[in-house]
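Take a look at the structure set out below.
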Amino acid sequence: MAVSMRDLDSAFQGAGQKAGLEIWRIENFNPVPVPKSSYGKFFTGDSYVILKTTASKSGALRHDIHYWLGKDTSQDEAGAAAIKTVELDAALGGRAVQYREVQGHETEKFLSYFKPCIIPQEGGVASGFKHAEAEKHKTRLFVCRGKHVVHVKEVPFARSSLNHDDIFVLDTESKIFQFNGSNSSIQERAKALEVVQYIKDTYHEGKCEVAAVEDGKLMADPETGEFWGFFGGFAPLPRKTASADDKPADSHPPNLLCIVKGQTEPVETDSLKRELLDTNKCYILDCGLEVFVWMGRNTSLDERKSASGAADELVSGTDQLKPQIIRVIEGFETVVFRSKFDSWPQTTNVTVSEDGRGKVAALLKRQGVNVKGLLKADPVKEEPQPHIDCTGHLQVWRANGQEKILLQASDQSKFYSGDCYIFQYTYPGEDKEDCLIGTWIGKNSVEEERASANSLASKMVESMKFLASQARIYEGKEPIQFHSILQTFIVFKGGLSDGYKMYNAEKEIPDETYNENGIALFRIQGSGPDNMQAIQVEPVASSLNSSYCYILHNGPAVFTWSGNSTSAEDQELVERMLDLIKPNLQSKPQREGSESEQFWDLLGGKSEYPSQKILREAESDPHLFSCHCLKGNLKVTEVYNFSQDDLMTEDIFILDCHLEIFVWVGQQVDPKSRMQALTIGEKFLEHDFLLEGLSRVAPIYVVMEGSEPPFFTRFFKWDSAKSAILGNSFQRKLTIVKSGGAPVVDKPKRRTPASYGGRSSSVPDKSQRSSRSMSVSPDRVRVRGRSPAFNALAANFENPNARNLSTPPPVIRKLYPKSVTPDSAAQAPKSEAIAALSSSFEQPPPARESLIPRSIKVTPKSNSKKSDENSVTSKVDSLTIQEDVKEDEAEDEEGLVIYPYERLKITSTDPVTNIDVTRRETYLSSAEFKEKLGMSKDAFYKLQGASLFCSEELNIWK
């Protein structure tokens, strides 16, 4: 589209250069900027142009332009607003989506800019309006409609305006009443309370009472009687009469019209296809409630103005609900527009360049306008963060049929592509221990074990009373949280499960399960010691890539290969991985371009291979959807400009981040829908409502209200106290409104997470996370993957002379993530028994505190001498369990009978009778208890409540 200087209004110069809102009012057919202090204040006699600029994570600026028409605005002013909107789009490079907004029929996207609502005032520029100054308060009645945004309309202050279906707000001089029609939903009532709060703050300076009146409530309630007193007393409400607002729009299939010289001509077709749209023309797609104007890239500014006028004529004079007019540019069509067509290609052959935007920028620059922002901004490069505490306790099981097999600590990071795995990770949260339970599904796993793994994980979540978050992760789509939890991750080819073996046998597929004595090639990747992976690939030259390092082995023969595009950090990861895959063996380093013949022979000879790094998709802007599953069909509604307050406790929401999705489940969602949360997430991926090419194997997180993990809450300005308020959405919000706009629940102080090696932050920085990947102490094995309290306990039963000296060189010596090394595991059977016992779900504890245990506080002993603060050894060796200050209280004060240890032993010659033999420790005195178990009763019960062990496992009763 050609752009000339006369097309650019001076009021629009420099617009859209940064994220935010910009508003102009049409005065004498020209746009005049509105002061920011008046944003959200509209007059019924005026027309406005509103520009919303959004900065995406990629750095690009996206624009939405709305022109708002008051109910009393003149036809000429409305036309001027429409034309100025087209001109503003031209000034921004011709890529904005344009919306026509009519008072009382605004789009949800428009209303979301001015949450909680807009309440237009009478008057306007043409009528010579004056701002109200200290007038006497006027009693007004408003009707409120909407679950996600609220349409507010002033109605006559009369009983006849009330009905059973809607919610009404009566604004009197000293009190604001909310009348809830008996047929209104809880969610609508909660949203209407936001309007009450807005009126209270705006028109009463926050100083007035608020009352809620339920439709049908008896007059005995004083507030109900007071409300009806304004209407002359209680009387039955009339049936709701259909108004112009309630009349449905004509229901008809989309009708495509072509604009020719300002006139519309029908396009004859049996099926709507993208090929019908000519880049040199403008079209109108009439869908009844929505009317779209499609403008080809090669159309002129006058042609676009003409098409806009034709659309206005089409909808003028309609007596049904006012249709919305949405104008889109070729190549930047909205999802809703594309969904109207029977077929729309994923990509269209449209040349999208910065040409138009560049010409506009050049014109403005000559006028001395700062044009920074008109062109695409550079993307912000940020290293992905896990947003999860990485110092927690991990357990991993392999699915085998309908059962799960607990992996030894040394095998927790070794997965097979033909198997499915279940993991449970407990970590320090804000004021309690949080838990993430998930499944990892291998690419070559069988369908039966995939279903079994998901079912077993769901049962684990259910056994914890849905206090844990749940994840479904597919091989190759692992999120940063998963890699940060495991730290070291190895994926072998083949599988170990019975289902995988049976399937291969039935299909006569050769077994390719990894053999440490055979030929294997691993691609090494990751960002550091806290996030590194080894992926087994086909042992052929075409599997190599110049941007990665590799490990190749054939039995005892081990090679490392470094591509020319790799860094010293990449090569360090190879050394670390070697210590896990092929320890105690000397490797033969190979540099790209100088490989030995033996190396190529193992790969079957030379061949071409890629050099570009496999790039991880960038995180895109999140979208929030409200979800309802009706008769197996998933219906979603997008919530624009969302916040935590949009999450209603009665509903299920999906947060779509493109790379991964979150299914948020409210506390008051019915149990059947709660159990279907994962299925709802899978259906969402299948439908791809935004037509953004969602992967059906993208990670799915199921998040329960009140137990939201930090990698979910980071998308909000989060206040955990809000979910602690009792009641439904309306009752919670009413509590907040009546308490002055803030949650009345005392938010617990953040508990300092039990630290290990000096780490306590909920999102450790890189240096902190790396410290978990290596041990520099030659004297002691550092047990990882368990809580610090557990490590301190296990240390009492380990052989102090049993040391695990890693293979040389010392600087790259490591321990298995979340585990002990195999040698130390064999030498510490008691600690292994305790670890195995912690996986038991046979007797789930009844109380919430025991379901997700708190960590025992662990602190270093005081020392008068100053020691090296960076020494891991000194921190580990000085760990002690803090005991409760009431440890020395007499047990008989609690009504418990005390017996000597010798009589409680299994081998006692004079055994005690009539006791609970599974809880012998409860009959010990405090002194003997501490002597035999090395801790107080209080400390023991905390560990036992966390299901870490029982006294029977300590062999003290024999």
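Each residue takes its place number in the sequence, starting with 1. The shown structure was predicted, so the numbers you read here are calculated from the model rather than taken from an experiment.
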Side-chain donor/acceptor of [X] to backbone N/O of [Y], under 3.5 Å:
{"X": "Thr202", "Y": "Ile199", "answer": "no"}
{"X": "Ser161", "Y": "Pro156", "answer": "yes"}
{"X": "His105", "Y": "Pro323", "answer": "no"}
{"X": "Glu303", "Y": "Ser300", "answer": "yes"}
{"X": "Glu22", "Y": "Gly16", "answer": "yes"}
{"X": "Ser112", "Y": "Lys109", "answer": "yes"}
{"X": "Asp215", "Y": "Gly181", "answer": "no"}
{"X": "Arg62", "Y": "Lys52", "answer": "no"}
{"X": "Glu650", "Y": "Ser729", "answer": "yes"}
{"X": "Asp89", "Y": "Arg95", "answer": "yes"}

My understanding is that only one of Phe337, Tyr99, Tyr283 makes a ring pair (Phe, Tyr, Trp, His ring centres under 6.0 Å) with Phe292; could you say which?
Phe337
In Å, rounded to the nearest 0.5 Å, how long is the span from [atom1] of [X] to [atom2] of [Y]?
{"X": "His137", "Y": "His204", "atom1": "NE2", "atom2": "NE2", "answer": "3.5 Å"}
{"X": "Leu734", "Y": "Gln178", "atom1": "CG", "atom2": "CD", "answer": "8.0 Å"}
{"X": "Ile65", "Y": "Lys84", "atom1": "CD1", "atom2": "NZ", "answer": "13.0 Å"}
{"X": "Ile329", "Y": "Gln98", "atom1": "CD1", "atom2": "CD", "answer": "5.5 Å"}
{"X": "Thr53", "Y": "Leu92", "atom1": "OG1", "atom2": "CG", "answer": "7.0 Å"}
{"X": "Cys258", "Y": "Asp278", "atom1": "SG", "atom2": "CG", "answer": "8.0 Å"}

Counting only heavy atoms not in [X], do more than 12 sit closer than 6.0 Å to its [atom1] atom?
{"X": "Asn280", "atom1": "CG", "answer": "yes"}
{"X": "Glu692", "atom1": "CD", "answer": "yes"}
{"X": "Lys635", "atom1": "NZ", "answer": "no"}
{"X": "Lys340", "atom1": "NZ", "answer": "yes"}
{"X": "Glu209", "atom1": "CD", "answer": "no"}

Residue pair [X] / [Y], side-chain heavy-atom distance below 4.5 Å:
{"X": "Asn180", "Y": "Val213", "answer": "no"}
{"X": "Ile284", "Y": "Leu314", "answer": "yes"}
{"X": "Phe12", "Y": "Pro33", "answer": "no"}
{"X": "Phe234", "Y": "Thr224", "answer": "no"}
{"X": "Val150", "Y": "Glu194", "answer": "no"}
{"X": "Leu655", "Y": "Phe642", "answer": "yes"}
{"X": "Ile326", "Y": "Val291", "answer": "no"}

Looking only at side chains, do [X] and [Y] share a donor and an acceptor under 3.5 Å apart?
{"X": "Glu188", "Y": "Ser185", "result": "yes"}
{"X": "Glu101", "Y": "Thr107", "result": "yes"}
{"X": "Ser184", "Y": "Arg189", "result": "yes"}
{"X": "Glu638", "Y": "His623", "result": "yes"}
{"X": "Trp294", "Y": "Glu330", "result": "no"}
{"X": "Thr299", "Y": "Arg304", "result": "yes"}
{"X": "Thr172", "Y": "Thr139", "result": "no"}
{"X": "Ser308", "Y": "Arg327", "result": "yes"}
{"X": "Asp72", "Y": "Thr44", "result": "yes"}

Between [X] and [Y], what is the shortest heavy-atom contact and its length?
{"X": "Glu77", "Y": "Phe29", "value": "N-CE2, 4.0 Å"}
{"X": "Phe730", "Y": "Ile186", "value": "N-CG2, 3.8 Å"}
{"X": "Leu257", "Y": "Pro266", "value": "CD2-CA, 3.7 Å"}
{"X": "Ala307", "Y": "Val293", "value": "CB-CG1, 3.9 Å"}
{"X": "Phe142", "Y": "Asp171", "value": "CE1-CB, 4.4 Å"}

When you look at Glu87 and Lys305, which way does the salt bridge (charged side-chain N to carboxylate O under 4.0 Å, His left out) test go after all the steps?
CA-CA 9 Å; Glu87 292 181 6; Lys305 290 179 179 179; 3.1 Å; yes
Which label fits Tyr203 and Tyr198: parallel for a plane angle under 30°, tilted from 30 to 60°, or perpendicular past 60°?
perpendicular
Fit a plane to each ring of Phe689 and Phe625, take the angle between them on a 0 to 90° scale, and name the class: parallel (under 30°), tilted (30 to 60°) or perpendicular (over 60°).
tilted
Run the side chain to side chain contact (heavy atoms under 4.5 Å, CB included) test on Leu285 and Leu272 for me, step by step, so that the C-alpha distance in whole Å, both residues' side-chain angles and the decisive distance to 0.1 Å come before the verdict.
CA-CA 10 Å; Leu285 186 65; Leu272 278 180; 3.9 Å; yes
Please evaluate residues Phe110 and Tyr640 with respect to the criterion ring pair (Phe, Tyr, Trp, His ring centres under 6.0 Å), reporting the C-alpha separation (whole Å), side-chain torsions for both, the decisive distance (0.1 Å), and the verdict.
CA-CA 9 Å; Phe110 176 80; Tyr640 300 100; over 10 Å; no
Begin with the C-alpha distance, continue with both residues' side-chain angles, and end with the deciding distance and a verdict on side chain to side chain contact (heavy atoms under 4.5 Å, CB included) for Gln121 and Phe42.
CA-CA 6 Å; Gln121 301 179 37; Phe42 295 90; over 6 Å; no
Are [Y] and [X] an aromatic pair, judged by ring center distance below 6.0 Å?
{"X": "Trp24", "Y": "Tyr48", "value": "no"}
{"X": "Tyr39", "Y": "Phe114", "value": "no"}
{"X": "His66", "Y": "Tyr113", "value": "yes"}

Run the side chain to side chain donor-acceptor pair (under 3.5 Å) check on Thr637 and Ser626 step by step: do they pass?
CA-CA 5 Å; Thr637 304; Ser626 172; 5.6 Å; no
As a quick check of understanding, evaluate side chain to side chain contact (heavy atoms under 4.5 Å, CB included) for Leu51 and Leu21, giving each step before the final call.
CA-CA 6 Å; Leu51 170 63; Leu21 273 178; over 6 Å; no
Trace of the ring pair (Phe, Tyr, Trp, His ring centres under 6.0 Å) decision for Phe231 with Phe157
CA-CA 8 Å; Phe231 296 93; Phe157 175 32; 5.4 Å; yes
Lys/Arg-Asp/Glu bridge criterion (N-O < 4.0 Å) met for Lys115, Asp646:
yes
